[in-house]
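A note on names: the letters A, B, ... follow the listed sequences, proteins ahead of strands, and every chain is numbered from 1.
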Amino acid sequence: MVFLEILENIRKETSKILDSQKYDPVSFSVESAKPGFGDITCNVSFLLSKQLKKSPQEISKEISHLYDFDNIPQIKNVESHPSGYLNFNIDYTQFSKLVINSSLKENYGSLDIGHNEKIVVEHTSVNPNKALHVGHIRNVILGDIISKILRKGNFDVKILNYVDDSGLQVADIIIGFTELGFSQEPSENQKFDHYCGDTVYVKTTEKYETDKKLEEKRHEILKQIEDNSSNVSKMAQTITRKVLNEQLKTVWNLGVFYDCLNFESQIIHSKLWEKIFEKLKSENQIKYEEAGDNAGCWVIPAEGEDDKILVRSNGVATYIAKDIPYAAWKLGLVEDPFSYKIHSTQKNDQTLYETTLDEIPDHDGNKLNLSGNKVITVIDNRQIRLQKIVSGLMAKFKEEGAYTHLGYESVTLSADTVKSLGLSVDGESAQMSGRKGLYVNADTVLETLTKRVYDESKSRNENLSESELQNIANIVAVGTIRYEMIKPDLDKIITFDLKNSLRLEGDTCSYIQYSYARASRILEKTETKPNFDSGFELLSSEYEKNLIKKIAMFDVQVNDSVNNFSPKVIAKYSYELAVTFSSFYEHVKVLKSETPELLNARLCLVVSFQKTLKSSLGLLGIDAPERM
RNA sequence: GGACGCGUAGCUCAGCUGGAUAGAGCAUUAGCCUUCUAAGCUAACGGUCGAAGGUUCGAAUCCUUCCGCGUUCACCA
């Protein structure tokens, strides 16, 4: 802890003063100030104003004389601003050394917020009948980044991917294969998930328009899929797993990995639903309707809204009856019916497990305990109603907030991008649709971007080898996708535009990565090995102090990000850190420093910046290139 | 129609757990490469924070109403 600790110390000192003056306690804030108002600011005098019947200005003037900074050597003084604020100024001779040395540590910015509590994050959960498109990518990246951030806050994070292998969407492609005669082998070297989504799924649902009998067949097929002794079910298993494997390749390319895969078909066969249904009944969380529209149904009473039917009058459970047992399982509310076996080794060498109902011999994997005290489910906001019901129910079995739905707005396509797909639109943008073939595949975006970055990099660096160029292209392309997906607020719709997404200037990932590469070049070109065992009072220009302060702010941002489940905070911080460095870079010529001491101090600062930016980008799953 | 969300510069957005002068990027304009990589830097231009009320010493931020846009509201999954 660096900055957070200083803020905390000022808070304590301020409280002490209020105490000694016998003032009633007020909940004041101590936070980083905006430029021109000192370094740290406190609003306590505004809050005391009423109590003391004095103007904030008077109060801040009085209080400002009472501070004792013996215990906070990083603070030089405090000023009472005419507006009423208390503005604290940093003593950089102390501060710089603390910040630069702290930033060298491996765990710089790590905070113990979670106390190693286990938390389950579920994300991705894409139907295994098609390839991932840009909309899914928002979910995948969001889930991945929130997991990394929670780990930084000392949570023990387990990551799950729920595979809905028994829905109607799966029935649709099965119909394509069995009724419409689509080959189970894609043509040429097309990826199987692309083939199923782009061709089989789109063509089959298109056919429903003219062939109503075919559409009726879906439910028949669905029933067979759910009966795991049927041939259709076996075929569905084969196909969905093949699609899933391709989907996994896509996310691995984006640097996303999981601990375990959960299959919906297994949830259904596990009898988890029956158990949780009894639990719901015995605890009076649901009620049986004797009369009215819902006569004969079990319903969940929802406040302010219509009751949600859980079990139909014919005794068959509705869709939500799959979500509830899964949620309960994730929270460890029911006995775990699953064993665990190895699904595959992921691209990062991490083992990926999958649930199974088969009896399997003992090994490390089948003892996995994947339930958590807290659960975060990443699903887009169109499911908010359903998720509210689930989290409401879970709150009754566990404490409030145990089950969190991390929602986000959808990704739409810009009119230009829709046109480039050969389709037409009415407005400025259009919702993606798998059935209509109205989407841009994730693989396509990554390929296009990689090519774009490769060309850019090649034109700038004639002497780089092919593999270096490929590496840069990959790092920047993945980073760009990640950054663009995480930068906007969760409740803002992202309108994806193929052309616009290729931007590499301004507030983009490549700008941030570029600042890192520039720092690398400084360190590469000097003979001096930075010696950190020295004072840093020579770093006295505004550019240097701004950079030090920005580096120091890392823990504040991590804190904010963890506590609010807000990944964009880290994205914004990474950008600001890069901006601050770029300005420093332009104005302070490190390698032309006047004295060896100054050179050393500046080199240390550059190293400190690099380490911090690397950790910050690391939380976003973005690599920092040495050259680009 | 009900519920939820969004509305800030020409465009895309930050700021929203109330505070000082509402910030970035893009676009436009003007400067800066005999260079620690110009994927950059320094400026200029650009705002009735959708509208009206309210709470407050103080509102882009909280509350109410209205307007515009979006999502959602099956004994489908």
OP1 or OP2 of [N] under 4.0 Å from side-chain N/O of [X]:
{"X": "Tyr543(A)", "N": "rU42(B)", "result": "no"}
{"X": "Arg518(A)", "N": "rA38(B)", "result": "yes"}
{"X": "Ser583(A)", "N": "rU42(B)", "result": "yes"}
{"X": "Arg312(A)", "N": "rC76(B)", "result": "yes"}
{"X": "Lys487(A)", "N": "rA24(B)", "result": "no"}
{"X": "Lys492(A)", "N": "rG7(B)", "result": "yes"}
{"X": "Lys34(A)", "N": "rA20(B)", "result": "yes"}
{"X": "Lys308(A)", "N": "rA3(B)", "result": "no"}
{"X": "Arg521(A)", "N": "rU37(B)", "result": "yes"}

Any carboxylate oxygen within less than 4.0 angstrom of a Lys/Arg side-chain nitrogen, looking at [X] and [Y]?
{"X": "Glu216(A)", "Y": "Lys213(A)", "result": "no"}
{"X": "Lys550(A)", "Y": "Glu576(A)", "result": "yes"}
{"X": "Lys223(A)", "Y": "Asp227(A)", "result": "no"}
{"X": "Arg218(A)", "Y": "Asp172(A)", "result": "yes"}
{"X": "Glu524(A)", "Y": "Arg521(A)", "result": "yes"}
{"X": "Arg11(A)", "Y": "Glu8(A)", "result": "yes"}
{"X": "Asp497(A)", "Y": "Lys499(A)", "result": "no"}

Answer with base, sugar-phosphate or nothing: what part of the nucleic acid does [X] contact at a heavy-atom distance below 4.0 Å?
{"X": "Asn381(A)", "answer": "nothing"}
{"X": "His587(A)", "answer": "sugar-phosphate"}
{"X": "Ala295(A)", "answer": "base"}
{"X": "Val588(A)", "answer": "base"}
{"X": "Gln383(A)", "answer": "nothing"}
{"X": "Ser457(A)", "answer": "base"}
{"X": "Ile493(A)", "answer": "sugar-phosphate"}
{"X": "Ala519(A)", "answer": "nothing"}
{"X": "Asn461(A)", "answer": "nothing"}
{"X": "Ser313(A)", "answer": "base"}

Side chain of [X] - closest among [options]:
{"X": "Tyr514(A)", "options": "rA77(B), rU72(B), rG40(B)", "answer": "rG40(B)"}
{"X": "Arg503(A)", "options": "rA77(B), rC26(B), rU71(B)", "answer": "rC26(B)"}
{"X": "Leu168(A)", "options": "rC76(B), rA74(B), rU37(B)", "answer": "rC76(B)"}

What integer number of Å spans the [atom1] atoms of [N] and [M]?
{"N": "rC57(B)", "M": "rG40(B)", "atom1": "P", "value": "48 Å"}
{"N": "rA9(B)", "M": "rG46(B)", "atom1": "C1'", "value": "6 Å"}
{"N": "rC63(B)", "M": "rC16(B)", "atom1": "P", "value": "15 Å"}
{"N": "rA60(B)", "M": "rA22(B)", "atom1": "C1'", "value": "7 Å"}
{"N": "rA24(B)", "M": "rA20(B)", "atom1": "P", "value": "15 Å"}
{"N": "rG25(B)", "M": "rA14(B)", "atom1": "C1'", "value": "10 Å"}
{"N": "rA52(B)", "M": "rG15(B)", "atom1": "C1'", "value": "24 Å"}
{"N": "rA27(B)", "M": "rA44(B)", "atom1": "C1'", "value": "14 Å"}

Task: Test item: side-chain donor near acceptor, Tyr408(A) and Asp489(A), under 3.5 Å - done: no

Open item on the list: Whether the Ser64(A) and Ser80(A) side chains hold a donor-acceptor pair (N or O, under 3.5 Å, no angle test) is what I'd like checked.
Closed with: no

For [N], the Watson-Crick or wobble counterpart (both distances under 3.5 Å):
{"N": "rA51(B)", "result": "rU65(B)"}
{"N": "rC4(B)", "result": "rG70(B)"}
{"N": "rA22(B)", "result": "none"}
{"N": "rC41(B)", "result": "rG31(B)"}
{"N": "rA60(B)", "result": "none"}
{"N": "rA9(B)", "result": "none"}

Open item on the list: Tell me if the side-chain of Thr41(A) makes a donor-acceptor pair with the base of rA20(B), cut-off 3.5 Å, by modelled atom types.
Closed with: yes

Open item on the list: Taking donor-acceptor contacts at under 3.5 Å, does the side chain of Asn87(A) reach the base of rA20(B)?
Closed with: yes

Quick one: [X] [atom1] to [N] [atom2], roughly how many Å, whole number?
{"X": "Leu577(A)", "N": "rA14(B)", "atom1": "CG", "atom2": "P", "result": "21 Å"}
{"X": "Gln169(A)", "N": "rA77(B)", "atom1": "CD", "atom2": "P", "result": "11 Å"}
{"X": "His405(A)", "N": "rA3(B)", "atom1": "NE2", "atom2": "P", "result": "20 Å"}
{"X": "Asp380(A)", "N": "rU71(B)", "atom1": "CG", "atom2": "C1'", "result": "10 Å"}
{"X": "Tyr516(A)", "N": "rG40(B)", "atom1": "OH", "atom2": "P", "result": "19 Å"}
{"X": "Tyr408(A)", "N": "rU72(B)", "atom1": "OH", "atom2": "P", "result": "13 Å"}

